[in-house]
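Structure record follows, encoded as structure tokens.
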Amino acid sequence: MKDQETKPLQFVDCDLSEFPPEVKQRAGYQLFLVQQGEEPNDWKPMASVGPGVREIRIKGKDGAFRVFYVVNRPEAVFVLHAFQKTTQKTEKRDIDLAAARLKSLD
């Protein structure tokens, strides 16, 4: 682990409550890694949402789950959207919702 303080985690109009328990636990651990300045196990940049936005990818027995977050803010790690993926490609409504929440931080 890097020698730094744990960044606070702030959810922006979303939470992990709809995730199955094992997915919620895994998502929480991945977000904890991000708070510590580490990288999650499976992630990719989401430039389509906005600058600095990343996506944590989690596969569970109930399907694929995603958590969009932004880490390039000094005050906190902001979770913008958490959802179960229902199609191969991330749906436009999910990208638009996360982008609107990102904009609300400004």
Just to verify, what does Asp96 make a side chain to side chain donor-acceptor pair (under 3.5 Å) with, not counting sequence neighbours?
Lys92
Can you tell if the side chain of Val67 reaches within under 4.5 Å of the side chain of Leu16, non-hydrogen atoms only?
yes
For residues 63-72, which residue pairs pass the salt bridge (charged side-chain N to carboxylate O under 4.0 Å, His left out) check, not counting sequence neighbours?
Glu55-Arg66
According to the salt bridge (charged side-chain N to carboxylate O under 4.0 Å, His left out) rule, which pairs have a member within residues 40-49, sequence neighbours left out?
Asp42-Arg57
Within-4.5 Å side-chain heavy-atom neighbours: Phe65 and Pro20:
yes
All side-chain contact (heavy atoms from CB on, under 4.5 Å) counterparts of Glu91, not counting sequence neighbours:
Thr86, Thr87, Arg93, Asp94
Residues 10-27 vs salt bridge (charged side-chain N to carboxylate O under 4.0 Å, His left out), sequence neighbours excluded, gives Glu22-Lys61
CD of Gln35 to CD of Glu5, rounded to nearest 0.5 Å, is 12.0 Å
Pairwise side-chain contact, Gln10 with Val79, heavy-atom cut-off 4.5 Å (strictly under):
no
Inter-residue atom distance Leu9.CG - Phe32.CZ, 0.5 Å rounding
11.0 Å
Distance col, row Lys59:NZ vs Lys85:NZ, nearest 0.5 angstrom, shows 9.5 Å
For Phe78, what are the other residues in its hydrophobic cluster, where any two members join if their side-chain heavy atoms are less than 4.5 angstrom apart?
Val12, Met46, Val49, Val53, Phe68, Val70, Leu80, Phe83, Ile95, Leu102, Leu105
Gln36 and Thr6 have their tightest heavy-atom pair at NE2-OG1, 2.7 Å
On a heavy-atom basis, which atom in Val77 and which in Tyr69 lie closest, and how many Å separate them?
CG1-CD1, 4.0 Å
Any residue meeting side-chain contact (heavy atoms from CB on, under 4.5 Å) with Leu97, in chain and number order, not counting sequence neighbours:
His81, Arg101
Pairwise distance CZ(Phe11) to CG(Leu31) - rounded to 0.5 angstrom
5.5 Å
Could you tell me which residues satisfy salt bridge (charged side-chain N to carboxylate O under 4.0 Å, His left out) with Lys103, sequence neighbours excluded, listed by chain and number?
none
Enumerate the residue pairs fulfilling ring pair (Phe, Tyr, Trp, His ring centres under 6.0 Å) with a member in residues 84-106, sequence neighbours excluded, ordered by first and then second residue.
none
Are the side chain of Gln84 and the backbone N or O of Phe19 linked by a donor-acceptor pair below 3.5 Å?
no
